[in-house]
Enquirer: 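One structure, as structure tokens, below. Some questions next.
Please read all numbers here as calculations on a predicted model, not as lab measurements. Values below: all heavy atoms of this structure, side chains included; hydrogens, waters and symmetry mates excluded.
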Protein chains: 2
Amino acid sequence: MPSTTARRRASISDVARLAGVSVGTVSNVLNRPDRVSDATRERVESAIAQLSFVPNGSARHLRVGTITTVGAIVLDIANPFFTDLARGIEARLDEDDYTLMIASSDEDPEREARYLRLYEQHGVQGIMVVPATDDVDHLVTLAERGVRIVLLDRPSPVESLSSVAVDDVHGGALAVRHLLGQGHERIAFLNGPHTIRQCADRWAGAVQAVEAAGLDPAVTLEETTVSLNADGGDAGTRSLVDRTDRPTSVFCVNDLVALGSLRTLRRAGLSVPDDVAVVGYDDVTFAAELATPLTSVRQPTHELGVRAADLLLRGDDGEPEHVVFQPTLVVRESSAR
Amino acid sequence: MPSTTARRRASISDVARLAGVSVGTVSNVLNRPDRVSDATRERVESAIAQLSFVPNGSARHLRVGTITTVGAIVLDIANPFFTDLARGIEARLDEDDYTLMIASSDEDPEREARYLRLYEQHGVQGIMVVPATDDVDHLVTLAERGVRIVLLDRPSPVESLSSVAVDDVHGGALAVRHLLGQGHERIAFLNGPHTIRQCADRWAGAVQAVEAAGLDPAVTLEETTVSLNADGGDAGTRSLVDRTDRPTSVFCVNDLVALGSLRTLRRAGLSVPDDVAVVGYDDVTFAAELATPLTSVRQPTHELGVRAADLLLRGDDGEPEHVVFQPTLVVRESSAR
DNA sequence: ACGCGTCGATGAAACGATTCAATAACCCGA
DNA sequence: TCGGGTTATTGAATCGTTTCATCGACGCGT
């Protein structure tokens, strides 16, 4: 029967009083049960149950100074790529009984900073972050201050920050080389802002591929900046469909954008890939099942998360590491004549 | 120039010492800047900057006993339905400058319990949870202990727990009534375990619809339990395709399952909806863009999250509330002859 | 010149846990 | 019976904040 009054949550000293022992003993029951005799342990345990006592994590953290939680900040929690990534992180964290707090920056540096501050204040073991901007000075500062940082899904521009990334330049090149191979000489690139490193890199790769084919990027490639979701794909594609000099292909910076693009093309009565070819990026689960199965650049997403968590847990004993995976192209109907 | 030695993170008393004031004054600068003179405030602020001091959130929490963070536990962070839900929650939370910690229980009561404990230990303002099992006693206990709980995406079985849900019985009925209306008299239901309330309710709705049509559920409906993702849809459908008495339609408990189902049907060379009709649930973003656009039961997902956060922030001054939204059916090609 | 009110700053208590040196109780062998 | 060694328990210090009663200084009106 729970007490009727008690508004305040029970503390360790309430337990101690009820069990007739000192707080030190209660703490021992909690953390080194072997040090305490069976009789008192049972008494204390029953007191704990009776008061439904739950230790105050903040007090514990304050005293021991460490905590088994890590934070992750991604650009967009609604993007399957990032949740698959989170899944990878969780899988590795589970092994060591760590827990994960996830937050979404929505590509907003303000929000990113806010969550960084929150995590730091709470003393997490470390933070994995997909930076919302090109500038990582604030993260370097954080790291110097002793917060363990791992850059997610983008290579570190500085030696001191560990990172786990996929070669986005190569990925961009893969996609565009493929389109060029299919005979496309006018490629629209629906991209995000270059302040996001992944976007800048994929663009760089695209340019490289065009140049390698002996063509002029300025005439072959046409970049439109869109928001990184299906609505962005809609908007970016709408501005294309009615043009007389419409590009023959679209490269989308991620599959969500590609989804919007395909949707808008279909509504405009254009056929894919005959009127317009489309290539996406990330190869999310549904890419293969769309009305027109989507050609996409596949990344080892899950593995990315696992490695990132691994690096973070490994601690600072080792030097910072910079892991780079290679993407592959998965060709499907949306770009194959 | 940051100090060279300092491994320990700067505390408020380091700041006080450097600025030549008492810790109380530093605290005032932080929390009630108006109480302190301009001169000292500036001195303290520069000391804070110099040491790059970040207040220890646990210490603060320990003292004030409250925190502006809430936790959410969903079944599967990789399911777009739940991330859209999270988006709704975040949107409402942002208004009040609260932050959200998200975790995924993977339908595992163990993991759910673990995160509940973690959140409680950290003293969050409240927890929104999509329960992994039918049994919510542990949540009632938590609530009695003073933790603010809101049940997400399922009606509360008890008066004392607030909840925000969508009428799943109605949703299940909508889907099945539609299939019956299309002339289907053999419906396979790829469902999750009935320990998950949403699954049980959708099943109940399906049964109701069949009975209302004067048919026998035992012959019209055929339930298969699958895991709640695309792989589950694959598995559940594979066991169907080769049968001579194959059902003419499949109702999937969510769109991820439906994605797997469509995929497997296609690979088996069956046409949708002519050989087999498919209906999903949630109407996620990609549902309309699949090879065969998917008929699905739409829920006001975002609104669901907003209301849940709203209820949680409103506090316990009011009585617990039980909000129920109504779903609607979106008919597309996958089920329309 | 005196008292009073205001304002700014101080210092100590409190929050709830962990840790560790000190103590108490006990057993056993000589 | 006594001393020494083990084992179980205690109590106080500590972590980094916030809060609040108290104090000192200063300006102003009489």
Enquirer: I need the CD1-C1' distance between A:Ile48 and C:dG16, as an integer number of Å.
Expert: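 Answer to the nearest Å: 14 Å.
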
Enquirer: So, does A:Arg32 get its side chain near the phosphate of C:dT18, meaning an N or O under 4.0 Å from OP1 or OP2?
Expert: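 A:Arg32 to C:dT18 OP1/OP2: no side-chain N or O under 4.0 Å.
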
Enquirer: Is it true that A:Arg314 and A:Asp96 have a side-chain N and a carboxylate O under 4.0 angstrom from each other?
Expert: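 Salt bridge between A:Arg314 and A:Asp96, a charged N being under 4.0 Å from a carboxylate O: no.
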
Enquirer: Return the value, rounded to whole Å, for the distance between atom CZ of B:Arg9 and atom C1' of D:dT17.
Expert: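 It is 12 Å, rounded to the nearest whole Å.
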
Enquirer: Nearest whole angstrom, please: distance from the P of D:dG16 to the CG of B:Leu30.
Expert: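 My rounded result for the distance is 15 Å.
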
Enquirer: Do NZ/NE/NH1/NH2 and the carboxylate oxygens of A:Arg114 and A:Asp108 come within less than 4.0 Å?
Expert: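 Looking at A:Asp108 together with A:Arg114, the answer is no, because their closest N to O distance does not fall below 4.0 Å.
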
Enquirer: Counting distance alone, no hydrogens or angles: does the base of D:dT17 have a donor or acceptor under 3.5 Å from a partner atom on the side chain of B:Arg63?
Expert: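 No such pair is found, so the answer is no.
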
Enquirer: Whole angstroms only, please: what is the CD1-P distance between A:Ile67 and D:dG16?
Expert: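 From A:Ile67 CD1 to D:dG16 P: 15 Å.
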
Enquirer: Quick one: B:Asn28 CG to C:dG8 C1', roughly how many Å, whole number?
Expert: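 So the two atoms are 9 Å apart, to the nearest Å.
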
Enquirer: When all nucleic acid strands are considered with a 4.0 Å heavy-atom cut-off, which category describes A:Val21: base, sugar-phosphate, or nothing?
Expert: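 Counting heavy atoms under 4.0 Å across all strands, the contact made by A:Val21 is with sugar-phosphate only.
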
Enquirer: Consider only side-chain N and O atoms of A:Gln125 and A:Thr68, and report whether a donor and an acceptor are under 3.5 Å apart.
Expert: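 No, because no side-chain N or O of A:Gln125 sits under 3.5 Å from a partner of the opposite role on A:Thr68.
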
Enquirer: Taking only side-chain nitrogens and oxygens of B:Thr25, does any of them come within less than 4.0 Å of OP1 or OP2 of C:dG8?
Expert: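 Answer no for this pair, as no side-chain N or O of B:Thr25 is under 4.0 Å from OP1 or OP2.
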
Enquirer: Side-chain N or O of B:Ser13 less than 4.0 angstrom from OP1 or OP2 on D:dT17?
Expert: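 Answer no for this pair, as no side-chain N or O of B:Ser13 is under 4.0 Å from OP1 or OP2.
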
Enquirer: D:dT19, OP1 or OP2 - any side-chain N/O from B:Ser27 closer than 4.0 Å?
Expert: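 No, because none of the side-chain N or O atoms of B:Ser27 sits under 4.0 Å from OP1 or OP2 of D:dT19.
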
Enquirer: On DNA chain C, nearest-nucleotide positions of B:Val23 versus B:Arg41: which is more 5'?
Expert: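 It is B:Arg41 whose nearest nucleotide is closer to the 5' end.
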
Enquirer: Measure the distance from CZ on A:Arg35 to P on D:dT9 and round it to the nearest whole Å.
Expert: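 After rounding, the gap between these two atoms is 13 Å.
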
Enquirer: Between B:Ser11 and D:dC15, is there a contact of a side-chain N or O with OP1 or OP2 at under 4.0 Å?
Expert: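 No, because none of the side-chain N or O atoms of B:Ser11 sits under 4.0 Å from OP1 or OP2 of D:dC15.
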
Enquirer: Distance check needed: C:dG8 P versus B:Arg43 CZ, whole Å only.
Expert: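 These atoms are roughly 14 Å apart.
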
Enquirer: On DNA chain C, nearest-nucleotide positions of B:Thr40 versus B:Val64: which is more 5'?
Expert: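 Of the two residues, B:Thr40 wins.
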
Enquirer: For B:Arg154, which of B:Asp134, B:Val129, B:Val166, B:Ile196 qualifies under side chain to side chain contact (heavy atoms under 4.5 Å, CB included)?
Expert: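 Between B:Arg154 and the candidates, side chain to side chain contact (heavy atoms under 4.5 Å, CB included) is satisfied uniquely by B:Asp134.
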
Enquirer: Please report the distance, rounded to the nearest Å, between CG in A:Leu62 and P in C:dA14.
Expert: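 Rounded to whole Å, this separation is 17 Å.
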
Enquirer: Below 4.0 angstrom, N of the basic side chain to O of the carboxylate: do A:Arg145 and A:Glu120 qualify?
Expert: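 Answer for the salt bridge query: yes.
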
Enquirer: Taking only the side-chain nitrogens and oxygens of A:Asn31, find out if one of them lies under 4.0 Å from OP1 or OP2 of C:dT18.
Expert: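 Result: yes.
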
